[in-house]
Amino acid sequence: MEKIRVELGERSYDICMGSDILDGLGDNLKIFGLSPKICLVSNPTVFPLYGERVSDSVKKAGFDLLTVIIPDGEGYKDLLRVQHIYNELLKYKLDRSSALIALGGGVIGDITGFAASTYMRGISYIQVPTTMLAHVDSSVGGKTGVNHKLGKNMIGTFWQPRLVWIDIETLKTLPGKELLAGLAEVIKYGVIWDKELFDFLDDKRDKIFNLDRKAVMHIIKRSCEIKAEVVSKDEKEAGLRSILNYGHTIGHAIETVTGYKKYLHGEAVAIGMFLEAMLAHKLNFINKDKALRIKRLIDSYGLPSEMPADIDADSLLSSMQLDKKAVAGELKFIMPEKIGSVRIHKGITEKVIRDILKS
Ligand SMILES: NC(=O)c1ccc[n+]([C@@H]2O[C@H](COP(=O)([O-])OP(=O)(O)OC[C@H]3O[C@@H](n4cnc5c(N)ncnc54)[C@H](O)[C@@H]3O)[C@@H](O)[C@H]2O)c1
């Protein structure tokens, strides 16, 4: 098993990753001094696959377990489901030393983290992520939240988990499209931070597609190390952490104008990464060969990279200006300078952005 420490003073925690480690979770909870009542939150897709193993492990370690199942899907990441979790926690008399376990992808992780951060002014939670996106991104860093009907992830908190427990074997049941969407975030880490990771993704594509244990462990470990380092330096996104948003300014806008139906998050980010690389090229931050190298890697992972023909540039631009990452309508972009390094750039004129979206 590999271990990475997220250094955040008294809120520091370990990310443990390995193959076939779900049964070991319970014993590893004992050190936290939790009350015996624990609640597992999952959904009807993931629970039948891994719920029993996680529940048995937690019960064997002496905990008394409540299970809450919420429906599967982004549409259920809302305050209604949080209310349902609170109801169950109160009925079952979970106290301030109890903990929640999130077993699932980013949706379950975000909603469980949010419920944990607000129940009795904040209790512990443990992330047991089961998608590639959750392994490499959403389970680490403590951003929790739910959607509001007027915007995605608009209600949320920063609340760090006590432990992240990643079993890479869970990827074996993940639909291929979801795996690829998660890999878009790994490509992102390569571009923003680590050329070796980028080259590894290029060299070992087949092994990664075949879920070769060594190759998959390597990319998840590197991704978590990078996220841990960035978050340790800037927990609440005052500066550096925003580099993790590379590809997301345009990506989020694509998701919004297509009503979250046409693209998975990672697919929209993949398009955003190439368009933002072309924007960086237009501003002379990166040469064209390197921008096109980013596109080739995205394409080779079966992810989209071109601006969809049916999306109008003006609606994308207005959506970007409304995004919570924009301050007073001013857009901030993460611009690659070379593979493995980016800069944060503001003040790009609407015309330049529109030209890229239209070209
Ligand atoms: N908190 C953060 O820092 C952060 C970062 C990125 C994304 N997010 C959030 O993450 C969410 C997206 O997460 P996601 O991509 O994991 O989607 P998801 O949680 O919806 O999971 C995708 C699908 O895969 C299923 N699934 C999960 N694990 C499985 C497995 N092992 N086998 C078979 N099916 C499985 C799920 O039930 C779901 O149907 C979004 O809500 C996004 O806002 C949060």
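Both ligands and their constituent atoms are indexed starting at 1 by order of listing.
- Both the backbone and the side chain of V107 come within 4.0 Å of ligand 1, judged by heavy-atom distances.
- An N or O contact shorter than 3.5 Å is missing between G104 and ligand 1 by distance.
- A salt bridge does not link R222 with E196: every distance from a Lys NZ or Arg NE/NH1/NH2 to an Asp or Glu carboxylate oxygen is 4.0 Å or more.
- At a threshold of 4.0 Å, the pair R296-D299 does not count as salt-bridged, since none of the basic side-chain nitrogens sits closer than that to a carboxylate oxygen.
- Across G142, G141, G75, S138, heavy-atom proximity to atom 5 (C) of ligand 1 is greatest for S138.
- Salt-bridge check for K37 with D64: failed, with every basic side-chain N at 4.0 Å or more from each acidic carboxylate O.
- Taking a cut-off of under 4.0 Å to the non-hydrogen atoms of E178, the atoms of ligand 1 that pass are 22 (C), 23 (C).
- A salt bridge does not link E337 with K290: none of the charged nitrogens is closer than 4.0 Å to a carboxylate oxygen.
- With distances taken over non-hydrogen atoms, the option nearest atom 42 (C) of ligand 1 out of H252, H265, K152 is K152.
- Contact check on R293 versus D199 returns a salt bridge, with a Lys/Arg side-chain nitrogen under 4.0 Å from an Asp/Glu carboxylate oxygen.
- The side chain of L133, and not its backbone, has at least one atom closer than 4.0 Å to an atom of ligand 1 (non-hydrogen atoms only; side chain from C-beta on).
- Considering only non-hydrogen protein atoms, atom 41 (O) of ligand 1 sits nearest to E74 OE1, 2.6 Å.
- Neither the backbone nor the side chain of T144 comes within contact range of ligand 1; no heavy atom lies under 4.0 Å.
- With a 4.0 Å heavy-atom cut-off, ligand 1 is reached by the side chain of V46 but not by its N, CA, C or O.
- Although no hydrogens or angles enter the test, the distance criterion places no donor-acceptor pair under 3.5 Å between the side chain of D202 and the main chain of F198.
- Among the candidates L316, I348, L275, the single residue satisfying the side-chain contact (heavy atoms from CB on, under 4.5 Å) test with I353 is I348.
- Note on residues 123-132: pairs passing side chain to side chain donor-acceptor pair (under 3.5 Å), not counting sequence neighbours, are S124-R162.
- For ligand 1, the atoms lying closer than 4.0 Å to a non-hydrogen atom of K227 are 3 (O).
- In R96, the CZ atom is not crowded: 12 or fewer heavy atoms of neighbouring residues, nucleotides or ligands sit closer than 6.0 Å.
- Selection from L174, V231, T173 by nearest heavy atom to atom 35 (C) of ligand 1 gives L174.
- Shortest contact from atom 27 (C) of ligand 1 to any protein heavy atom: T131 CG2, 3.3 Å.
- Near D110, the atoms of ligand 1 lying under 4.0 angstrom from a non-hydrogen atom of the residue are 1 (N), 2 (C), 8 (N), 9 (C), 43 (O), 44 (C).
- Distances from ligand 1 to the non-hydrogen atoms of E185 include no value under 4.0 Å.
- Using a 4.0 Å cut-off between a side-chain N of Lys or Arg and a carboxylate O of Asp or Glu, K30 and D27 qualify as a salt bridge.
- Looking at E267 and K177, a side-chain N of the basic residue comes within less than 4.0 Å of a carboxylate O on the acidic one, giving a salt bridge.
- Within ligand 1, counting atoms from 1 as listed, the ones closer than 4.0 Å to a heavy atom of D137 are 5 (C), 6 (C).
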Applying salt bridge (charged side-chain N to carboxylate O under 4.0 Å, His left out) to E255 and K262, what does each step give before you reach the verdict?
CA-CA 8 Å; E255 285 184 279; K262 188 166 170 190; over 6 Å; no
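- Residue-ligand proximity, T45 to ligand 1, at heavy-atom distances under 4.0 Å covers atoms 34 (N), 37 (O).
- At a 4.0 Å heavy-atom cut-off, ligand 1 touches L49 through the side chain alone.
- Of all atoms in ligand 1, numbered sequentially from 1 with element shown, those under 4.0 Å from a heavy atom of D72 are 36 (C), 37 (O), 38 (C), 39 (O).
- In summary, the atoms of ligand 1 found under 4.0 Å from a heavy atom of N153, numbered by their order in the structure, are 43 (O).
- Of the protein's heavy atoms, G106 N, 4.2 Å lies nearest to atom 17 (O) of ligand 1.
- Looking at D20 and R53, a side-chain N of the basic residue comes within less than 4.0 Å of a carboxylate O on the acidic one, giving a salt bridge.
- The closest protein non-hydrogen atom to atom 28 (N) of ligand 1 is T130 OG1, 2.8 Å.
- Neither the backbone nor the side chain of V140 has a heavy atom within less than 4.0 Å of ligand 1.
- Against a heavy-atom cut-off of under 4.0 Å, Y50 is close to the following atoms of ligand 1: 31 (N).
- Taking the charged nitrogens against the carboxylate oxygens, K295 and E306 do have a contact shorter than 4.0 Å, which makes a salt bridge.
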